[in-house]
Participant: 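Handing you a structure now.
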Amino acid sequence: MKKKGFLIDMDGVIYKGSEPIPGAVEFINGLRDKGLPFLFLTNNSQRTSRDVCYKLNKMGFKVNDTDIFTCAMATARYLASKKENGTAYVIGEGGLLTELYNAGYSIVDDQPDYVIIGEGRTIMLESVDKAINMIMKGAKLIATNLDPNCPMGDGKYRAGCGALVAMLEFASGIKAFSVGKPSPVMMRMARKALQLTTDETVMIGDTMGTDILGAGSMGFTTVLTLSGVTHESDLAHFGYSPDFIIKSVKDLLDEELFMKVIGEPALAEAEY
Ligand SMILES: [Mg+2]
């Protein structure tokens, strides 16, 4: 069997709210038992990988902190690679702040190198005003992701990081650079973390505009699950399409379908 590994979105793919999606625990624990590498990819920067891991363990997933890759981790590592020991003014929460500290960044209130926007539920308009002034004085505007909204698991939505970023962009006239899915920055970092080639990487996600767009553009094999935000009727609106469509990850417990997914090279190797 050819070596393959999985990048797996979480919300809408393996759980909804605090409930695992039926079949997801068996699927993930099965990957572990088969020795197939996987990494969870999330555009939520609010929590640390340890917090996320705790939640997953409680649901029955046999995973570790190191199996989780957040857009906060991607953002912190990306910025550290561009400017060592830089400074940042952050509108966001613990997950993002922790990763920036880990990457050698200082959080400051004045003349930062970067203004970084992440997910958060406690945003004050004063901090938004402060950020706008910093951006207009030359601080670079970075977004952990541009998700316009986030499903809350009860059929309701809340404003996502992208909505706040749009406000800052509009007010300052400066476009943000976003690191999270579908940005190739995060997609490539995740692939490299698993030490996979493009051809060996399979992405499973529930959102066309982030998971499938990002992974498809990179040349990964893409699997869209209809257990989350994208519905079958939405597919007609997109110029790109996933390689496989499943109702939920439970379908991948079927050995025949699973072999098809891991057997299929996304693009001819010569192209990459
Ligand atoms: Mg999702």
Side-chain angles (χ1 to χ4, degrees), residues 7-22 24 40-48 51-52 55-56 58-59 68-72 74-75 90-96 116-125 127-128 131 141-171 175-176 178-183 186-187 203-216 222-242 245-249:
L7 305 179
I8 306 169
D9 175 49
M10 298 197 297
D11 206 350
V13 177
I14 60 160
Y15 64 72
K16 262 186 172 173
S18 56
E19 289 299 316
I21 285 177
F40 292 116
L41 242 56
T42 174
N43 260 6
N44 194 331
S45 64
Q46 213 172 344
R47 306 199 188 291
T48 65
D51 303 333
V52 175
K55 174 175 171 164
L56 295 182
K58 249 179 42 180
M59 290 183 198
I68 292 141
F69 191 59
T70 71
C71 62
T75 301
V90 177
I91 300 181
E93 290 189 14
L96 179 56
I116 309 176
I117 314 302
E119 213 63 65
R121 309 310 308 143
T122 53
I123 290 151
M124 312 268 285
L125 208 49
S127 54
V128 173
L141 176 57
I142 302 290
T144 59
N145 68 94
L146 294 176
D147 294 33
N149 51 53
C150 306
M152 286 172 17
D154 53 1
K156 290 186 186 147
Y157 292 85
R158 62 176 173 81
C161 181
L164 176 59
V165 172
M167 177 158 75
L168 287 159
E169 288 180 335
F170 192 64
K175 274 273 171 217
S178 171
V179 178
K181 298 178 289 184
S183 164
M186 180 161 173
M187 303 309 300
M203 171 89 212
I204 308 174
D206 71 314
T207 308
M208 282 294 279
T210 53
D211 307 317
I212 305 303
L213 176 62
T222 51
V223 181
L224 174 73
T225 171
L226 300 173
S227 54
V229 302
T230 301
H231 302 292
E232 202 163 14
S233 56
D234 301 330
L235 294 174
H237 307 302
F238 295 94
Y240 54 95
S241 55
I245 301 172
I246 56 176
K247 281 200 239 26
S248 82
V249 285

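Worth knowing before you read on, the calculation uses all heavy atoms, side chains too, and leaves out hydrogens, waters and symmetry mates.
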Participant: Is a side-chain N or O of T144 found less than 3.5 angstrom from the main chain of C71, in a donor-acceptor match?
Facilitator: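 No; zero donor-acceptor contacts below 3.5 Å.
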Participant: Are L235 and L224 packed together at the side-chain level, in the sense that at least one heavy-atom pair is separated by less than 4.5 angstrom?
Facilitator: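 In contact.
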Participant: Partners of S183 by side chain to side chain donor-acceptor pair (under 3.5 Å), sequence neighbours excluded?
Facilitator: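 Scan of S183 (side chain to side chain donor-acceptor pair (under 3.5 Å), adjacent residues dropped) gives none.
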Participant: I14 versus F40: any side-chain heavy-atom pair under 4.5 Å?
Facilitator: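 A side-chain contact under 4.5 Å exists here.
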Participant: Is any side-chain heavy atom of M186 closer than 4.5 Å to one of N145?
Facilitator: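 Sidechains of M186 and N145: no contact.
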Participant: Do L226 and I245 make a side-chain contact, defined as non-hydrogen atoms from C-beta onward lying under 4.5 Å apart?
Facilitator: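 Counting from C-beta outward, L226 and I245 do come under 4.5 Å.
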Participant: Could you measure the distance from the CD atom of E119 to the OG atom of S45? Nearest 0.5 Å is fine.
Facilitator: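 Rounded to the nearest 0.5 Å, the CD-OG separation comes to 5.5 Å.
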Participant: Might you point out which heavy atoms bring S18 and P20 nearest each other, and give the distance in Å?
Facilitator: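 Smallest heavy-atom distance, with atoms named: O-CD, 4.0 Å.
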Participant: Report yes if some heavy atom in the side chain of Q46 is under 4.5 Å from a heavy atom in the side chain of T70; otherwise report no.
Facilitator: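 Contact flag for Q46/T70 side chains = no.
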Participant: How far apart are the closest heavy atoms of T225 and K247, and which atoms are they?
Facilitator: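 Here T225 and K247 meet closest at OG1-O, 3.5 Å.
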Participant: Please evaluate residues Y15 and L56 with respect to the criterion side-chain contact (heavy atoms from CB on, under 4.5 Å), reporting the C-alpha separation (whole Å), side-chain torsions for both, the decisive distance (0.1 Å), and the verdict.
Facilitator: CA-CA 9 Å; Y15 64 72; L56 295 182; 3.8 Å; yes
Participant: Partners of D147 by side chain to side chain donor-acceptor pair (under 3.5 Å), sequence neighbours excluded?
Facilitator: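 Listed in chain order: N43.
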Participant: Identify the heavy atoms of M208 and T230 that sit nearest to each other, and give their distance.
Facilitator: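 Answer, listing the atom of M208 first, then T230: N-OG1, 3.1 Å.
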Participant: Do D9 and M203 make a side-chain contact, defined as non-hydrogen atoms from C-beta onward lying under 4.5 Å apart?
Facilitator: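 Yes, side chains in contact.
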Participant: Just to verify, what does K58 make a salt bridge (Lys or Arg N to Asp or Glu O under 4.0 Å) with, not counting sequence neighbours?
Facilitator: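 In terms of salt bridge (Lys or Arg N to Asp or Glu O under 4.0 Å), with neighbours along the sequence ignored, K58 is linked to no residue.
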Participant: How about D211 and K181: do any of their side-chain heavy atoms sit closer than 4.5 Å?
Facilitator: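 A side-chain contact exists here, since the closest heavy-atom pair is under 4.5 Å.
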Participant: Taking the side chain as everything from C-beta on, heavy atoms only, tell me whether L96 gets closer than 4.5 Å to I116.
Facilitator: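 The answer is yes; the side chains approach within 4.5 Å.
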Participant: Quick check on side chain to side chain contact (heavy atoms under 4.5 Å, CB included): which of L41, T207, V249 does V13 satisfy it with?
Facilitator: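 With V13 as partner, side chain to side chain contact (heavy atoms under 4.5 Å, CB included) holds for just one option, V249.
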Participant: Supply the atom-to-atom distance S178 OG to L146 CG, rounded to the nearest 0.5 angstrom.
Facilitator: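 S178 atom OG to L146 atom CG measures 3.5 Å (nearest 0.5 Å).
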Participant: For the pair T42 and D11, evaluate side-chain contact (heavy atoms from CB on, under 4.5 Å) and give the outcome as yes or no after the intermediate values.
Facilitator: CA-CA 8 Å; T42 174; D11 206 350; over 6 Å; no
Participant: Got a donor-acceptor contact below 3.5 angstrom from the E169 side chain to the K175 backbone?
Facilitator: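 Pair absent, no side-chain N/O of E169 close to backbone of K175.
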Participant: About how many Å separate OH of Y240 and CD1 of I212, when rounded to the nearest 0.5 Å?
Facilitator: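 Separation between the atoms: 8.5 Å.
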Participant: Working note: L164 + V128, criterion side-chain contact (heavy atoms from CB on, under 4.5 Å); need CA distance, chi angles, decisive distance, verdict.
Facilitator: CA-CA 9 Å; L164 176 59; V128 173; 4.0 Å; yes
Participant: Any donor-acceptor pair under 3.5 Å linking the side chain of D206 with the backbone of V229?
Facilitator: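 The answer is yes, because a donor-acceptor pair under 3.5 Å joins these two groups.
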Participant: Can any side-chain N or O of S227 pair as donor or acceptor with the backbone N or O of G12 at less than 3.5 Å?
Facilitator: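 Between the backbone of G12 and the side chain of S227 there is a qualifying donor-acceptor contact (under 3.5 Å).
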Participant: Closer than 3.5 angstrom, by distance alone: can the side chain of E93 be matched with the main-chain N or O of R121 as a donor-acceptor pair?
Facilitator: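 Checked: pair present.
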